[in-house]
Protein chains: 2
Amino acid sequence: MFKAFKKHKDLILYSSSLALLLLLLRWLEFRFLVLSTSLDIYIGIIAAVFMGLGIWLALKLFKPKPKTIVVEKEVYVTPTPEFVLNQKELDNLNLTIRELEVLELMAKGMSNKEIADQLFVSLNTIKTHSGKLFEKMEVKRRTQAVEKAKRLSIIP
Amino acid sequence: MFKAFKKHKDLILYSSSLALLLLLLRWLEFRFLVLSTSLDIYIGIIAAVFMGLGIWLALKLFKPKPKTIVVEKEVYVTPTPEFVLNQKELDNLNLTIRELEVLELMAKGMSNKEIADQLFVSLNTIKTHSGKLFEKMEVKRRTQAVEKAKRLSIIP
DNA sequence: AACAGCCTCATCCTTTCGGGTGATTTTGCT
DNA sequence: AGCAAAATCACCCGAAAGGATGAGGCTGTT
């Protein structure tokens, strides 16, 4: 009994609604046909009411359909292509420790003076190092040295 | 077509039921109240049609209103070894085309003179461009400019 | 001890770079 | 047509970078 009711409760609910609506219509029919015989208005009301019923029905039936939309959100991956030192190329250049240090600081955009201060040596020393560095790397300017070093994966 | 039927089978089912019920009621009404006129049938048709219209309207109009549940799905972006320009940072710097060109050539380790020859302009012009470039990038030397540009993914 | 390699520093000189200023032309937009 | 931004070029000056050369000190190997 209850099971059957539960199974068809929607149907019963809507049927009841319709019955109620029909009663309303009958009442309206009586009111308008007896008091004022405006058929157009009557039909208009019928149309409006049933259209409303249709809308209500449709909304009721297609209501809680939680459509899930998967939004792909790109995760910002830090551009860290994991620097791997190219030992081979580094060996080929045959740089000294000091020269490599100077190269690394150059790559940070530091001036010779700043590098000198950082390494606690004189400006002239850095000039000597950088000069030899350019010789070994076969470049003419610090910018070229840095570019080549990055290209050869000697520095990150 | 069949898919649409399957999808809205509930609605169709209930609508048919209602229509059937309506017919039954009308028949009952006719039988017991003996009040059947052509007007009633006409009104019934009106009601049915407009209810159908209402349903159709509702489905049509409120279809693109699916209460969507947004599920954010994190997607792994393979660390592309290829250069992806950071347009945001580039826009922030508000560089001109010429300044960007100079910056790119600087990054290749070229001297101002070489850049001037490459772009078919005078050395002084390149100096002006580079000066403004350093201003906008808030750096003091070309090496710093290149380093920062690479760090911000403005140049490869 | 001798030698080689590296690090350090210096001096002299030239080139390059960068800052500052001003001017003219070109171009894009309204 | 007129305005604003961009591009072009010039001149001056000081700072930084780079080339050439020489020299002294330290360290590990032979």
Side-chain angles (χ1 to χ4, degrees), chain A residues 85-152 154-155, chain B residues 85-152 154-155:
Chain A
L85 189 139
N86 191 337
Q87 193 67 46
K88 221 179 257 180
E89 292 289 353
L90 184 54
D91 291 343
N92 277 347
L93 291 178
N94 205 28
L95 302 182
T96 69
I97 303 169
R98 223 42 170 171
E99 285 158 4
L100 185 57
E101 280 179 319
V102 171
L103 175 60
E104 284 166 350
L105 296 181
M106 270 184 183
K108 291 185 180 175
M110 294 172 73
S111 69
N112 284 343
K113 182 76 186 71
E114 288 169 341
I115 296 173
D117 291 344
Q118 173 108 17
L119 300 181
F120 300 106
V121 292
S122 82
L123 174 60
N124 288 312
T125 302
I126 299 302
K127 282 187 171 187
T128 305
H129 285 323
S130 64
K132 291 215 165 194
L133 177 63
F134 299 151
E135 237 177 77
K136 291 182 180 178
M137 293 189 72
E138 296 173 340
V139 295
K140 289 200 171 300
R141 279 175 290 279
R142 65 211 287 104
T143 46
Q144 283 182 359
V146 171
E147 190 273 334
K148 187 167 185 177
K150 293 206 175 201
R151 191 155 39 78
L152 298 182
I154 289 169
I155 54 176
Chain B
L85 188 139
N86 190 337
Q87 193 66 46
K88 217 179 261 179
E89 293 289 353
L90 182 55
D91 292 343
N92 277 348
L93 291 180
N94 204 28
L95 302 182
T96 69
I97 303 169
R98 223 42 170 169
E99 286 158 5
L100 185 59
E101 281 179 320
V102 171
L103 175 61
E104 284 165 350
L105 296 181
M106 269 183 183
K108 290 184 180 176
M110 294 172 74
S111 70
N112 284 343
K113 182 76 186 71
E114 288 168 342
I115 297 173
D117 290 344
Q118 172 109 18
L119 299 181
F120 301 105
V121 293
S122 82
L123 174 60
N124 287 311
T125 303
I126 299 303
K127 282 186 170 188
T128 305
H129 285 323
S130 63
K132 292 212 166 193
L133 177 65
F134 298 152
E135 240 178 73
K136 291 182 180 178
M137 293 190 70
E138 297 173 340
V139 296
K140 290 201 170 299
R141 280 175 289 280
R142 57 180 36 296
T143 46
Q144 283 182 0
V146 171
E147 189 274 335
K148 187 168 185 177
K150 294 206 174 201
R151 190 157 39 79
L152 297 182
I154 288 170
I155 54 175

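Proteins come first, then strands; the chains are lettered A, B, ... in the order of their sequence lines, and each starts at number 1.
The CG-P distance, from Leu123(A) to dA10(C), rounds to 10 Å in whole Å. Rounded to a whole Å, the NZ atom of Lys113(B) is 14 Å from the P atom of dT15(C). Taking atom CG on Asn112(A) and atom C1' on dC17(C), their separation rounds to 12 Å, with Å as the unit. Summarising the geometry, the separation between CZ on Arg142(A) and C1' on dG18(D) is reported as 10 Å, rounded to the nearest angstrom. If you measure from atom CG of Leu95(B) to atom C1' of dA6(D), you get 13 Å, rounded to the nearest angstrom. The nearest whole Å value for the distance from the CD1 atom in Ile115(A) to the P atom in dC7(C) is 15 Å. Between the CD atom of Glu99(B) and the C1' atom of dA7(D) there is a distance of 10 Å, given to the nearest Å. If you take CZ of Phe134(B) and C1' of dA15(D), they are 14 Å apart, rounded to a whole angstrom.
In this structure, Glu147(B) does not pair ionically with Lys150(A), as no charged nitrogen and carboxylate oxygen lie closer than 4.0 Å. Between Glu104(A) and Lys108(A), no side-chain nitrogen of the basic residue sits less than 4.0 Å from a carboxylate oxygen of the acidic one, so the salt-bridge criterion is not met. Contact check on Glu114(A) versus Arg141(B) returns a salt bridge, with a Lys/Arg side-chain nitrogen under 4.0 Å from an Asp/Glu carboxylate oxygen.
Atom CG of Leu93(B) and atom NZ of Lys148(B) lie 7.0 Å apart (nearest 0.5 Å). Here Ile115(A) contributes atom CD1 and Ser130(A) contributes atom OG; the two are 8.0 Å apart, rounded to the nearest 0.5 Å.
Checking the phosphate oxygens (OP1, OP2) of dA10(C), a side-chain nitrogen or oxygen of Asn124(A) falls inside 4.0 Å. For Arg141(B) and dA16(D), the shortest distance from a side-chain N or O to OP1 or OP2 is not below 4.0 Å.
Scanning both residues, Leu105(B) and Gln118(B), for their nearest heavy atoms gives CD1-CG, 3.8 Å.
When the nucleotides dA7(D), dC9(C), dA10(D) are ranked by their closest atom to the side chain of Thr128(B), dA10(D) comes out on top. The side chain of His129(A) lies closest to dC7(C) when the candidates are dC9(D), dC7(C), dG18(D).
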(request) Evaluate side chain to side chain donor-acceptor pair (under 3.5 Å) for Thr128(B) paired with Thr125(B), printing each intermediate quantity in order. (result) CA-CA 5 Å; Thr128(B) 305; Thr125(B) 303; 5.9 Å; no
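Counting non-hydrogen atoms under 4.0 angstrom, Ser130(B) reaches nothing in the nucleic acid. Contact annotation for Ser111(B): backbone-only contact, meaning every heavy-atom pair under 4.0 Å involves sugar-phosphate atoms and none involves a base. Among the protein residues, Lys127(B) comes within range of the nucleic acid bases, having at least one heavy atom under 4.0 Å from a base atom. Heavy atoms of Thr125(B) sit under 4.0 angstrom from at least one base atom. Here Ile97(A) lies in heavy-atom contact (under 4.0 Å) with sugar-phosphate atoms only.
Counting only Watson-Crick or G-U wobble pairs whose defining distances are both under 3.5 Å, the stems of 3 or more consecutive pairs in DNA chain C are C:1-30 with D:1-30.
Counting non-hydrogen atoms of neighbouring residues, nucleotides and ligands closer than 6.0 angstrom, the NZ atom of Lys132(A) reaches no more than 12 such neighbours.
Between Phe120(B) and Glu135(A), the residue anchored closer to the 5' end of DNA chain D is Phe120(B), taking for each the nucleotide with the nearest heavy atom. Of the residues near DNA chain D, Ser122(B) and Asn94(B), the one whose nearest nucleotide (by heavy atom distance) lies more toward the 5' end is Asn94(B).
No donor-acceptor contact under 3.5 Å links the side chain of Thr96(A) to the base of dC7(C).
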